[in-house]
Every structure is written in C-alpha cells, then in structure tokens.
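Read through the structure below, which is laid out as structure tokens, and then see the notes.
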Amino acid sequence: MKYFLIKYRLTNGTAEDWHAHIARFIAALNEDPELNGRISYRCMKERQGCAYIHLASASDDAAIAALQRKDFFRPYTDETRRVAGGEVEVVPLEIIAETTSAA
C-alpha cells in the first residue's frame, strides 16, 4: 500500500462549494471500476478553522498511475491548488505500526 497525507488551508471559495467538489471526486473514485477497491480517499477538516487534511491510499503504483490517467483527476488537483491559494503539501507516508482492525 502507498499512503499520502495532503494538507492545505481553504483560502479561496466557500466551504460548501469545496465540500461538494470533494464529494464529486470521491463519487467518481467509487464509481470507477478500475479504481474501486484500489484507491481509498478521506477528507477531513479542523473543527475550528479552515485547515483540511486528506488521507489517500493506493494498493500499488499501478493504481496511482490509473488514477492519474482519469479525466476527473487533473481538474480536482487543479481546483485543490486553487482553493488553497497554491499552498498544498503532499506527504508520502509509511506505516510503522498499526492496530489489527480499523475503527
């Protein structure tokens, strides 16, 4: 598995519009037969403030390459950069240890 943490602050646009955009991206991931089960994506926001954190995982490099070829991927990443005022940090992660079951 490959894991990524994406961090930024919403500086352009409304939270409502941005949340709808994120929901459409996740729906596209869920509906794509090539990606379903190979890409996991979660978006979270600080309760107080405008900082967002996305957790993405991919089963392997081939799943990442498949995602990057999708028509909906580039517009989503471009819009993420725009709403963040160009300040998006993508951090590759590696698991050191974890529980045996997910909550």
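On a predicted model such as this, the values are computed, not experimentally measured, just so you know.
In the displayed structure, E94 atom CD is contacted under 6.0 Å by at most 12 heavy atoms of other residues, nucleotides or ligands. Counting heavy atoms of neighbouring residues, nucleotides and ligands inside a 6.0 Å radius, atom CG of D71 does not exceed 12 of them.
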Check: Where do F73 and Q68 land on the side chain to side chain contact (heavy atoms under 4.5 Å, CB included) test, with the steps shown first?
Finding: CA-CA 6 Å; F73 180 72; Q68 291 171 338; 3.8 Å; yes
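Summarising the geometry of L35 relative to A63, their closest heavy-atom pair is CD2-O, 4.0 Å, with the distance given to 0.1 Å. When all heavy atoms are compared, the tightest approach of N12 to L10 is O-CD1, 3.6 Å. Of all heavy-atom pairs between Y52 and H19, the closest is OH-NE2, 2.6 Å. Looking at every heavy atom in both residues, R9 comes nearest to A51 through NH1-CB, 3.5 Å. Closest approach of M1 and S59 over heavy atoms only: SD-CA, 3.5 Å.
Of the inter-residue distances, the one linking C43 atom SG with I26 atom CD1 reads 6.5 Å to the nearest 0.5 angstrom. Considering CZ of R24 and CG of L29, their distance stands at 13.5 Å, rounded to 0.5 Å. Between the CD1 atom of I6 and the CD1 atom of I53 there is a distance of 11.0 Å, given to the nearest 0.5 Å. For the atom pair CD1 (I39) and CG (L67), the distance works out to 5.0 Å, reported to the nearest 0.5 Å. Annotation: the span from R42 atom CZ to I22 atom CD1 amounts to 14.5 Å, rounded to 0.5 Å.
Using a 4.5 Å heavy-atom threshold, the side chains of L55 and Y3 count as separate. Counting heavy atoms from C-beta on, the side chains of I64 and K2 come closer than 4.5 Å. T80 is listed as a side-chain neighbour of W18, based on a closest heavy-atom distance under 4.5 Å.
A single hydrophobic cluster is not seen to contain both M44 and Y41; linkage of ILVMFWY side chains at heavy-atom distances under 4.5 Å, directly or through other members, places them apart. V83 and V90 end up in the same hydrophobic cluster when Ile, Leu, Val, Met, Phe, Trp and Tyr side chains are linked at under 4.5 Å.
Side-chain contact of Y76 with H21: a donor-acceptor pair under 3.5 Å is absent, judged by distance alone.
Ion pairing between D32 and K70 holds under the 4.0 Å rule for side-chain N and carboxylate O. Salt-bridge check for R69 with E34: passed, with a basic side-chain N closer than 4.0 Å to an acidic carboxylate O.
Side-chain N or O atoms of T11 include one that pairs as donor or acceptor with a backbone N or O of G85 at under 3.5 Å. With K45 contributing its side chain and G49 its backbone, the two residues share a donor-acceptor pair below 3.5 Å.
Aromatic ring centres of F4 and H54: separated by at least 6.0 Å.
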